[in-house]
**Student:** 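The structure under discussion is supplied below as C-alpha cells; questions concerning it will follow.
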Amino acid sequence: MIGQLTLEDYLQRYSETGPLALAVATAVDAITVAAIEIAELTGRGALSDKSGLATGRNSDGDLQRDLDVQADAIIRRCLGKVPIAALASEEMQEAEIGDREARICVAIDPLDGSSNIDINMTVGTIFSILPAPDDPSLAFGQCGTAQLAAGFVTYGPQTSLVLTLGDGVDIFTLDRAAGGFRLARRALRIPDTAEEFAINASNRRHWDPPVRAFIDECLAGVDGPASRDFNMRWIGSLVAEAYRILSRGGVFLYPSDARPGYGDGRLRLVYEAHPIAFIIEQAGGAASTGRERILDLAAHSLHQRVPLIMGSSGEVRRVEELHCDPLPAASVSAPLFAQRGFFRL
Ligand code: F6P
Ligand code: MN
C-alpha cells in the first residue's frame, strides 16, 4: 500500500462513509491542490517574482511577506470552490462567512515559518477542519476536540501532507512527476520518551521557572533526573519541528515568557496549536500549555496565542508536573536563591 495508494483514492474511500466525511474530503482535496501550487512557488525561490521579502504586517503585527499573501490567495481561490460555512486565515483580520448550508469550517495558516523562506528551509501550510455550528460566526470558538480533521503540508526537500481524519496519522508525499500525493507512511506513533528537545534558547532569561527547570533537566542529561542525554534542535518552523517529532519523537516548547507580548507564547490557538495538537495526540503524543490540554481550550478571539508544549507524552507530562509543583522548579532554576537561602526550608 505504501507508495501505491493515492491521496485521491484514500479520500474517496473516506468520503463514502457519510456526508460530513465527504465535505471534509472535498476540503482536504482543495487544500492539497493549493499546496502543489504553493510548493511550486516556494520552490522557485529567487527565480519567482515573489521574493519572500517582508511587505507589511498581518492583523497581529507579525511581519507579512509577499509569499504569505500569495499563499493565502492561492488557498482561498482553491477553497472558494468548496462549500465552507466559515474560513479563517492567519492573514485575514476576521473570519469570512461563506455558505450557511455548508457542513464544515476551515482555519488555515497559509505559510507557516515564512521567516525561513529566504534561507531555503522547510515551511508549510497548516489547516484545521471543524463542524459548522448553526451560527457560523461561532465556528472558531469551538474546543480543539471538535476538530474533524487537521493536517499540514511541508514544503522542504519533499512536499508532504501529514493528515489526521480523527483515526491516526498518515503521511502522503507529492510525486512531482505524477502531480499527485501518494501514501508514504501509515499510522505514525510518537515514542513516549523523548531524546530531543526544541526551544528557542535565546529567550532563556525570559522563561518562567518551570520551563527553565525542564530545560535544565534536559541539559543535565545522564547526570540529572532524566537519567539520559538529550540532543537539541530548533528550526524556527513549527511544521518542520512537528514533522521531526512525528518521525522520531522529541519535545517542542514555545512557552509563555516575560517579553512584552509573549505572555501567551507566540503560536496561535485556532490555526496552529489546535491542528498540531490534534495530529500529535492522534499519533500517541501529548500537547499542553503546561497547565491544560491544548485540545480542551476554546478560543475567545481568532488570533489568540497560546503556549504550546507538544511531543512525546513523557516529556510533556514532566513539563506539566513542574508547572504544578513550582518548588522544585524554583530550586533547580534559581541556584542563586537556593545558595543564598531565600527559599531554603
Ligand atoms: O508561525 C510562527 C513561527 O514561524 C513558527 O513556525 C515557529 O515555531 C516560530 O514562529 C518561531 O519563532 P521564533 O522566531 O520566536 O523562534
Ligand atoms: Mn505560523
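Treat the numbers as computed from the prediction; the structure is a model and nothing was measured. Counting convention: from 1, in listed order, for ligands and their atoms alike.
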**Student:** Give the residue and atom name of whichever protein heavy atom lies nearest to atom 15 (O) of ligand 1, and the separation in Å to one decimal.
**Tutor:** Tyr254 OH, 2.6 Å
**Student:** What heavy-atom pair brings Pro136 and Ala85 nearest, and what distance separates the two atoms?
**Tutor:** CB-O, 3.8 Å
**Student:** Under 4.0 Å between a Lys/Arg side-chain N and an Asp/Glu carboxylate O for Arg318 and Glu315?
**Tutor:** no
**Student:** Any N or O on Asp109 sitting closer than 3.5 Å to an N or O of ligand 1?
**Tutor:** no
**Student:** Test your reading of the structure: does Leu238 have an N or O sitting under 3.5 Å from an N or O of ligand 1?
**Tutor:** yes
**Student:** Which part of Arg266 is near ligand 1, with near meaning a heavy atom under 4.0 Å away: side chain, backbone, both or neither?
**Tutor:** side chain
**Student:** Which protein N, O or S atoms lie under 2.8 Å from the Mn ion (ligand 2), given by chain and residue number?
**Tutor:** Asp109 OD2, Asp112 OD1, Glu272 OE2
**Student:** Quickly, which of Ile74, Ile75, Asp109 forms a side chain to side chain contact (heavy atoms under 4.5 Å, CB included) with Thr125? Name it, please.
**Tutor:** Ile75
**Student:** Report yes or no: does Ser115 have a heavy atom closer than 4.0 Å to ligand 1?
**Tutor:** no
**Student:** Does the separation of the ring centres of Phe252 and Trp234 fall below 6.0 angstrom?
**Tutor:** yes
**Student:** With a cut-off of under 6.0 Å to the ring centre and 45° to the axis, is Arg268 in cation-pi contact with Tyr271?
**Tutor:** no
**Student:** Quick one: does Glu90 get an N or O within less than 3.5 Å of an N or O on ligand 1?
**Tutor:** no
**Student:** Indicate the ring-plane relationship of Tyr10 and Phe172, choosing parallel, tilted or perpendicular according to the 30° and 60° boundaries.
**Tutor:** perpendicular
**Student:** Is the closest heavy atom of Glu241 to ligand 1 under 4.0 Å?
**Tutor:** no
**Student:** For Asn203, is at least one N or O under 3.5 Å away from an N or O on ligand 1?
**Tutor:** no
**Student:** Under the 3.5 angstrom rule, does the side chain of Ser15 hit a backbone N or O of Leu11 as a donor-acceptor pair?
**Tutor:** yes
**Student:** Please give me the minimum heavy-atom distance between Ala107 and Phe140, naming the atom from each residue.
**Tutor:** CB-CE2, 3.8 Å
**Student:** So which heavy atom in the protein is nearest atom 16 (O) of ligand 1, and how far is it from that ligand atom?
**Tutor:** Asn200 ND2, 2.8 Å
**Student:** Side chain, backbone, both or neither: which part of Leu267 has a heavy atom under 4.0 Å from ligand 1?
**Tutor:** side chain
**Student:** For Arg233, is there any backbone N or O sitting under 3.5 Å from a side-chain donor or acceptor partner on Glu196?
**Tutor:** no
**Student:** What I want to find out is whether Arg76 reaches Asp72 closely enough, with some N-O distance under 4.0 Å, to be called a salt bridge.
**Tutor:** yes
**Student:** What protein heavy atom sits nearest atom 4 (O) of ligand 1, and how far off is it?
**Tutor:** Gly113 CA, 3.5 Å
**Student:** Who gets closest to atom 7 (C) of ligand 1 by heavy atom: Gly236, Ser202, Gly265?
**Tutor:** Gly236
**Student:** Ala39 and Thr42: which non-hydrogen atoms are nearest, and at how many Å?
**Tutor:** O-OG1, 3.2 Å
**Student:** Over all heavy atoms of both residues, which pair between Thr164 and Asp167 is shortest? Give the atoms and the distance, please.
**Tutor:** OG1-N, 3.8 Å
**Student:** Look at atom 1 (O) of ligand 1 and find which of Arg268, Glu272, Arg305 reaches it with the closest heavy atom.
**Tutor:** Glu272
